[in-house]
Colleague: 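This is the structure, below, for whatever I ask next.
Atoms considered below: every heavy atom in the structure, side chains included; atoms not considered: hydrogens, waters and symmetry mates.
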Amino acid sequence: MILRSLVTAAGLSLLAGTAFAADLTMPAGEVPVVDNGFDWARPYVGASVSSEFSLDDGDDYFGGGVFAGINFLASESFLLGVQVTADAVSDGDASYGELFVLGRAGILLTPDMLLYGIGGVGFDWELDDPDNNSTAYQLGAGIEVAVSDSVTVRGQLTGYGYFDDSDLFDYARATVGVAFHF
């Protein structure tokens, strides 16, 4: 009699447990929404403002420009990309155009924040005298933060130098920009 009572109690206990467990399942067709953060692996365009400081003569240059690029996620948190920039800068006396092709490599600090290194080659020319041009390079780092599903803001510091010069960098540049990702 005691054995029958124990078996009955155990059976009722199992039935009650499965009845509660059934309440934990999701109805068919509903998929949970998971926010994995910003989608970095896509093309983008943007605009920036910059300030350059000449390391040779102390002149300050201010300017702005546009950029376009595309990113690829090499892993869940490592990004590679390529970017083209076109800028105009001036110190009040002379104005220059600048065109660069740059590579980017970065690490996602959070799903919405990218820390990256940047570098590449290009050339600049005096706007009043396009024949006065030089081949140049940039190396630096930046941080980019998503502020919506398609917009990021960035800050970047780079060194700017010329291939025909013995100095590593001729200018230090600070840039702030905003990008729209497609």
Colleague: Which residues satisfy the side-chain hydrogen bond (donor to acceptor under 3.5 Å, both in side chains) test with S90, sequence neighbours excluded?
Modeller: S95
Colleague: To the nearest 0.5 angstrom, please state how far the CG atom of L102 sits from the CD atom of Q138.
Modeller: 5.5 Å
Colleague: Using 0.5 Å steps for rounding, measure from the CG atom of D39 to the CG atom of L73.
Modeller: 7.5 Å
Colleague: For residues 168-182, tabulate all N or O donor-acceptor pairs below 3.5 Å that involve a side-chain atom, not counting sequence neighbours.
Modeller:
| residue | atom | partner | partner atom | Å |
| --- | --- | --- | --- | --- |
| D170 | OD2 | Y162 | N | 3.3 |
| R173 | NE | E52 | OE2 | 2.9 |
| R173 | NH1 | E98 | OE1 | 3.4 |
| R173 | NH2 | E52 | OE2 | 2.2 |
| R173 | NH2 | E98 | OE1 | 2.0 |
| R173 | NH2 | E98 | OE2 | 3.2 |
| H181 | NE2 | T152 | OG1 | 2.9 |

Colleague: Specify the closest pair of heavy atoms between A94 and D91, including all atoms of both residues, with the distance to one decimal.
Modeller: N-OD1, 2.8 Å
Colleague: Under the 4.5 Å side-chain heavy-atom rule for ILVMFWY, direct or indirect, which residues accompany L80?
Modeller: F78, I107
Colleague: Do V145 and L109 land in one hydrophobic cluster if side-chain heavy atoms of ILVMFWY residues count as linked below 4.5 Å?
Modeller: yes
Colleague: Drop me the distance from T158's OG1 to Y137's OH, to the nearest 0.5 angstrom.
Modeller: 11.5 Å
Colleague: Which distance, rounded to the nearest 0.5 Å, do you find between the OG1 of T110 and the CZ of F38?
Modeller: 11.5 Å
Colleague: What pairs with A47 under side chain to side chain contact (heavy atoms under 4.5 Å, CB included), at least two apart in sequence or on another chain?
Modeller: none
Colleague: Would a single hydrophobic cluster contain both L99 and L127, if residues Ile, Leu, Val, Met, Phe, Trp and Tyr are joined by side-chain heavy-atom contacts under 4.5 Å?
Modeller: yes
Colleague: A141: which residues meet the side chain to side chain contact (heavy atoms under 4.5 Å, CB included) condition with it, sequence neighbours left out?
Modeller: none
Colleague: If hydrophobic clusters are built from ILVMFWY residues whose side chains come within less than 4.5 Å, do V153 and V49 share one?
Modeller: no
Colleague: Going by salt bridge (Lys or Arg N to Asp or Glu O under 4.0 Å), name the pairs with one or both residues in residues 126-145, residues two or more places apart or in two chains.
Modeller: R104-E144, E144-R154
Colleague: Is there a path of hydrophobic side-chain contacts, each under 4.5 Å between heavy atoms of I/L/V/M/F/W/Y residues, joining V101 to F72?
Modeller: yes
Colleague: Enumerate, atom names and distances included, each donor-acceptor pair closer than 3.5 Å involving a side-chain atom of residues 56-66, sequence neighbours excluded.
Modeller:
| residue | atom | partner | partner atom | Å |
| --- | --- | --- | --- | --- |
| D57 | OD1 | S54 | OG | 2.8 |
| D57 | OD1 | D59 | N | 3.0 |

Colleague: Show every salt bridge (Lys or Arg N to Asp or Glu O under 4.0 Å) that has at least one partner inside residues 69-85, sequence neighbours left out.
Modeller: none
Colleague: Quick one: name the residues clustered hydrophobically with F67, using the 4.5 Å side-chain heavy-atom rule over I, L, V, M, F, W, Y, and just say none if it's on its own.
Modeller: Y44
Colleague: For a quick test of reading the model, state the closest non-hydrogen atom pair linking S48 to D87 and the distance between them.
Modeller: OG-OD1, 3.9 Å
Colleague: Only counting residues at least two apart or in another chain, list the ones meeting side-chain hydrogen bond (donor to acceptor under 3.5 Å, both in side chains) with S51.
Modeller: none
Colleague: Got a sec, which pairs hit ring-ring contact (aromatic ring centres under 6.0 Å, His included) with one end in residues 98-127, sequence neighbours left out?
Modeller: F100-Y160, F123-W125
Colleague: Can you see which heavy atom on L115 is nearest to which on G142, and at what distance?
Modeller: CD1-O, 3.4 Å
Colleague: Looking at residues at least two apart in the chain, or sitting in another chain, which of them share a side chain to side chain contact (heavy atoms under 4.5 Å, CB included) with T135?
Modeller: F163
